[in-house]
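Just the heavy atoms: all of them, side chains too, but no hydrogens, waters or symmetry mates, feed the values below.
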Amino acid sequence: MEFIISKYTPGNRPDVQLPSSKMFSILGEEGIRELIFEHYDLLAKSSIKDLFPQDKAGLEKAKKNSSDFFIQVCGGPMYFTKHRGKPMLYKRHLPHKITAEAREVWLNCYKTALEKRDLPEDVLQSFWHYLDIFSIWMVNS
């Protein structure tokens, strides 16, 4: 599958569709956590590493929060909402300077992590489309 990154256009907020629940059905909670943890490990070595916690405990907490979120949006238990409240991710990310370039790095780290998974193409497409559009909403600088 080709992972295409949509062009970011300031002020454009396309509709976001949740990824297919097949992602959760196939990977389960453990598989989604492994994907997210790998993504964060890649981010911690990337050019945008300063956007993420620098201490081990902080990074582990960020991995858990993010994996709770993705488990939830992929059709699993509502861990994120239960432990952190409504996602409101744009608001939660406002303190961080997220540029269009940072978005691309974030997506490319996901691309690397996703390429290692043996997932049906329709599931990958659905998840990638969600990440691609969702990430447009997070750009704030």
Side-chain angles (χ1 to χ4, degrees), residues 1-10 12-141:
M1 180 185 140
E2 188 175 356
F3 296 93
I4 298 169
I5 297 175
S6 299
K7 184 179 184 289
Y8 171 74
T9 305
N12 182 27
R13 297 245 170 141
D15 290 336
V16 180
Q17 293 181 334
L18 292 177
S20 169
S21 61
K22 290 181 189 177
M23 185 79 165
F24 183 77
S25 297
I26 294 168
L27 292 179
E29 196 172 308
E30 183 178 323
I32 291 177
R33 287 195 193 281
E34 287 173 4
L35 171 65
I36 304 309
F37 278 46
E38 182 176 343
H39 179 243
Y40 269 75
D41 290 342
L42 292 166
L43 290 168
K45 298 174 191 167
S46 75
S47 61
I48 62 169
K49 64 185 175 197
D50 294 337
L51 290 174
F52 300 91
Q54 301 301 299
D55 61 298
K56 186 175 179 175
L59 189 61
E60 292 301 311
K61 183 176 181 179
K63 288 176 179 181
K64 183 187 181 309
N65 290 340
S66 186
S67 59
D68 282 354
F69 173 78
F70 280 102
I71 286 167
Q72 181 171 314
V73 299
C74 288
M78 303 285 282
Y79 294 137
F80 190 92
T81 299
K82 180 179 178 185
H83 296 111
R84 308 227 35 224
K86 288 185 176 187
M88 302 183 303
L89 294 180
Y90 178 77
K91 185 176 178 181
R92 289 178 192 269
H93 286 82
L94 274 176
H96 310 284
K97 183 179 178 181
I98 302 172
T99 64
E101 294 78 18
R103 170 185 172 256
E104 289 188 21
V105 172
W106 186 84
L107 285 167
N108 279 314
C109 287
Y110 254 119
K111 176 184 172 186
T112 299
L114 285 168
E115 288 174 331
K116 297 178 183 178
R117 270 62 194 177
D118 184 25
L119 292 165
E121 186 154 338
D122 66 316
V123 174
L124 274 174
Q125 279 184 329
S126 173
F127 191 71
W128 181 258
H129 181 72
Y130 175 77
L131 293 173
D132 181 48
I133 302 303
F134 163 81
S135 64
I136 289 172
W137 282 75
M138 297 302 109
V139 175
N140 59 26
S141 296

*If you round to the nearest 0.5 Å, how far is CD1 of Ile98 from OH of Tyr8?*
10.5 Å

*Would a 4.5 Å heavy-atom cut-off, applied to side chains only, mark Met138 and Arg103 as touching?*
no

*What's the shortest heavy-atom distance between Leu59 and Phe52, and which atoms?*
CD1-CB, 4.4 Å

_Spatial distance of atom CG (Asp41) from atom OG1 (Thr112) [nearest 0.5 Å]_ = 12.5 Å

*asked:* Take a 6.0 Å sphere around CD of Gln17 and say whether it holds more than 12 heavy atoms from other residues, nucleotides or ligands.
replied: no

*Ignoring hydrogens and angles, tell me if any N or O in the side chain of Asp132 forms a donor-acceptor pair with the backbone of Ser6 under 3.5 Å.*
yes

_Looking at Ser20, is its backbone amide N or carbonyl O close enough to the side chain of Ser126 to form a donor-acceptor pair, meaning the two atoms are under 3.5 Å apart?_
yes

*Given the side-chain rings of Trp106 and His39, with only the six-membered ring counted for Trp, is the space between their centroids under 6.0 Å?*
yes

*Can you tell me if CD on Gln54 sees more than 12 non-hydrogen neighbours from other groups inside 6.0 Å?*
yes

*May I ask you to test the Arg13-Ile136 pair for a side-chain heavy-atom distance under 4.5 Å?*
no

List the atom pairs, with distances to 0.1 Å, where a side-chain N or O of residues 44-51 and a protein N or O form a donor-acceptor pair under 3.5 Å, not counting sequence neighbours.
from, atom 1, to, atom 2, distance (Å)
Ser46, OG, Leu43, O, 2.7
Ser46, OG, Ile48, N, 3.2

*Expected output: side-chain Ser67 to main-chain Lys64 donor-acceptor under 3.5 Å*: yes

*Might you work through the ring pair (Phe, Tyr, Trp, His ring centres under 6.0 Å) test for Phe134 and Phe69, ending with a clear yes or no?*
CA-CA 13 Å; Phe134 163 81; Phe69 173 78; 5.8 Å; yes

_Pairs involving residues 75-92, ordered by first then second residue, that meet side chain to side chain donor-acceptor pair (under 3.5 Å) (sequence neighbours left out)_ = Glu29-Tyr79, Gln72-Thr81

_Contact between Tyr110 and Leu35 at the side-chain level, heavy atoms closer than 4.5 Å - yes or no?_
yes

*Checking Arg117 side chain against Ala113 main chain: does a donor-acceptor pair fall under 3.5 Å?*
yes

*Taking the side chain as C-beta and beyond, is there a heavy-atom pair between Arg33 and Asp68 under 4.5 Å?*
yes

*asked:* Looking at Ala102, is its backbone amide N or carbonyl O close enough to the side chain of Thr99 to form a donor-acceptor pair, meaning the two atoms are under 3.5 Å apart?
replied: yes

*Are Val105 and Glu101 side-chain neighbours, meaning at least one heavy-atom pair lies under 4.5 Å?*
no

_For the CG atom of Leu119 and the CG atom of Leu114, what is their distance to the nearest 0.5 Å?_
7.5 Å

*How many angstroms lie between atom CD of Glu115 and atom NZ of Lys111, to the nearest 0.5 angstrom?*
5.0 Å

*Do Ile32 and Cys74 come close enough that some side-chain heavy atom pair is under 4.5 Å?*
yes

*Would a 4.5 Å heavy-atom cut-off, applied to side chains only, mark Phe3 and Leu124 as touching?*
yes

*Kindly say whether the aromatic ring centers of Phe70 and Phe24 come within a distance under 6.0 Å.*
no

*Give, for atom CG of Leu89 and atom OG of Ser135, the distance between the pair rounded to the nearest 0.5 Å.*
12.0 Å

*Just by distance, do the side chain of Asn140 and the backbone of His93 share a donor-acceptor pair under 3.5 Å?*
yes

*Say you draw a straight line from NZ of Lys63 to OH of Tyr40; how long is it, rounded to the nearest 0.5 Å?*
10.0 Å

*asked:* The test is side chain to side chain contact (heavy atoms under 4.5 Å, CB included); show your working for Phe127 and Leu27 and say whether it passes.
replied: CA-CA 12 Å; Phe127 191 71; Leu27 292 179; over 6 Å; no

_Between Lys7 and Thr9, is there a side-chain heavy-atom distance shorter than 4.5 Å?_
yes

